Amino acid sequence: MDDTIARENTALMPYLVAASQILGVAALAVTGAWLSQYRGGFSWDGPEQFNVHPLCMVLGMVFLCGDALLVFRVFRHETKRATKILHGSLHILALIVSLVGIIAVFQFHKKKSIPDMYSLHSWLGITTFTLYILQWILGFFMFFLPGVGFVLKSRFKPLHVFLGLSLLVSTIATCLVGLTEKMLFSLPDEYSKLPAEGVLANSLGLLLVAFGLVIGYILTREEWRRPPLPEEQALSIDFKTLTQGESPTEP
């Protein structure tokens, strides 16, 4: 009974979810303003193709990924299948948007004869993106396709949850390294003097960190986990009875 009350003690959570969305939208707005005001805007064929990269990565790997992680906290009373579909769909959308950003930067480097994959930012980025793809594939096979045993799902789930939050942290760290790298390349002499563009880029970094902290806090509050619906709880008890020989009435 106490556990049920604790799980439903979610009065603060809607405000934090709203705060995360405000921070995420603000980060996207600042990214767009920075690239439009100081970096020439966006194009696919012109010199502004590079600018597609940071915008897509903030939108895909940060904002959409963070929202996908919140699905099982926000949608607490919908069926588990519906929440799984939404969770997976947001991750797929994040992957597609991020892939556009990665293609943009590689094409830009090729046109400008700039070396690829030499910086810490690029190493962190490609590692995080690769693990993100693997995480989605494993999650799809383990939790969406039929035929996977309950025990195997239960053992994999903690790792899946840990990797999801870890990849968001890694993504934000990669963004911070990329922002610093871009400022040092673009404003080698002015950055230390706090020009307006440098202040805006630093502010974007703070917004990304704040977004990640709020998401992380929501996800790590154990009592805010999605409670099982009655039919899901019944299935779990039935499975426990079949596999362990316990009576459904036993604790």
Side-chain angles (χ1 to χ4, degrees), residues 19-68 90-129 132 167-215:
S20 73
Q21 299 310 289
I22 292 170
L23 289 167
V25 171
L28 284 170
V30 171
T31 303
W34 164 47
L35 297 171
S36 299
Q37 182 71 23
Y38 296 101
R39 295 291 114 199
F42 306 92
S43 73
W44 191 256
D45 298 318
E48 299 82 14
Q49 184 181 21
F50 175 85
N51 296 340
V52 176
H53 173 69
L55 182 65
C56 285
M57 304 319 286
V58 171
L59 173 59
M61 292 293 288
V62 178
F63 185 66
L64 290 176
C65 172
D67 277 3
L90 284 173
H91 277 309
I92 274 285
L93 185 58
L95 282 171
I96 293 171
V97 172
S98 303
L99 183 59
V100 172
I102 290 174
I103 292 172
V105 73
F106 274 106
Q107 286 190 358
F108 175 81
H109 283 178
K110 184 177 181 180
K111 292 174 185 176
K112 299 292 184 179
S113 299
I114 299 174
D116 291 315
M117 300 304 301
Y118 68 90
S119 66
L120 176 61
H121 171 69
S122 61
W123 286 21
L124 284 171
I126 206 68
T127 300
T128 301
F129 187 71
Y132 194 82
L167 288 172
L168 179 63
V169 172
S170 179
T171 295
I172 293 173
T174 303
C175 289
L176 298 181
V177 174
L179 280 170
T180 304
E181 180 183 287
K182 180 62 177 175
M183 289 297 98
L184 291 174
F185 285 168
S186 301
L187 305 171
D189 299 320
E190 295 85 4
Y191 188 37
S192 62
K193 300 174 184 177
L194 288 178
E197 181 180 2
V199 171
L200 192 62
N202 289 352
S203 300
L204 172 58
L206 291 177
L207 285 171
L208 294 173
V209 171
F211 177 80
L213 287 174
V214 174
I215 296 289

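Everything numeric in this text was worked out from a predicted model, so none of it was measured.
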Practice task
Check for a donor-acceptor pair, side chain of N51 on one end and backbone N or O of F42 on the other, with a separation under 3.5 Å.
Solution key: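 Side chain of N51 to backbone of F42: no pair is present.
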Problem - Qualifying side-chain hydrogen bond (donor to acceptor under 3.5 Å, both in side chains) pairs with a residue from residues 23-38, counting only residues at least two apart or across chains - result: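 Non-adjacent pairs meeting side-chain hydrogen bond (donor to acceptor under 3.5 Å, both in side chains): W34-E197.
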Side chains of residues 168-184: which donor-acceptor pairs under 3.5 Å do they make with residues two or more places apart or in other chains?
residue : atom : partner : partner atom : Å
S170    : OG   : T128    : OG1          : 2.6
T171    : OG1  : L167    : O            : 2.8
T174    : OG1  : S170    : O            : 2.8
T180    : OG1  : L176    : O            : 3.0
E181    : OE1  : S119    : OG           : 3.3

Under 3.5 Å, which donor-acceptor pairs do the side chains of residues 19-28 form with other protein atoms, sequence neighbours left out?
residue : atom : partner : partner atom : Å
S20     : OG   : V17     : O            : 2.6
Q21     : NE2  : D67     : OD1          : 2.7

Handout entry: CH2 (W44) with more than 12 external heavy atoms under 6.0 Å
Key =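 Enclosed.
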Least distance between heavy atoms, [X] atom then [Y] atom:
X: S43; Y: E48; answer: OG-OE1, 3.1 Å
X: A94; Y: L64; answer: CB-CB, 3.8 Å
X: L200; Y: A33; answer: CD2-C, 4.4 Å

Handout entry: Residue pairs involving residues 99-119 (criterion ring-ring contact (aromatic ring centres under 6.0 Å, His included); sequence neighbours excluded)
Key =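 Every pair satisfying ring-ring contact (aromatic ring centres under 6.0 Å, His included) with a residue in residues 99-119: F50-F108.
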Problem - Between OG on residue S203 and CG on residue L208, distance to nearest 0.5 Å - result: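 Interatomic distance, S203 OG to L208 CG, rounded to 0.5 Å: 11.0 Å.
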Practice task
Could you list all the salt bridge (Lys or Arg N to Asp or Glu O under 4.0 Å) pairs where at least one residue sits in residues 113-128, not counting sequence neighbours?
Solution key: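 Non-adjacent pairs meeting salt bridge (Lys or Arg N to Asp or Glu O under 4.0 Å): zero.
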Exercise for the section: Only pairs at least two apart or in different chains count here, so list each salt bridge (Lys or Arg N to Asp or Glu O under 4.0 Å) that has a residue in residues 96-105. Expected result: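 Matches after skipping sequence neighbours: none remain.
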Exercise for the section: Taking side chain to side chain donor-acceptor pair (under 3.5 Å) as the test, write out the residues that go with Q49, two or more places apart. Expected result: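 Testing Q49 for side chain to side chain donor-acceptor pair (under 3.5 Å), a comparison that skips the adjacent residues, returns Q107, K111.
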Problem - Listed partners of Y191 passing side chain to side chain donor-acceptor pair (under 3.5 Å), at least two apart - result: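 N202.
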Problem - All ring-ring contact (aromatic ring centres under 6.0 Å, His included) counterparts of H91, not counting sequence neighbours - result: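 If we apply the ring-ring contact (aromatic ring centres under 6.0 Å, His included) test to H91, skipping adjacent residues, the hits are H87, Y132.
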May I have the list of side-chain donor-acceptor pairs in residues 54-63 shorter than 3.5 Å, sequence neighbours left out?
none

Problem - Set of side-chain contact (heavy atoms from CB on, under 4.5 Å) partners for L213, sequence neighbours left out - result: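 By the side-chain contact (heavy atoms from CB on, under 4.5 Å) rule, L213 matches V209.
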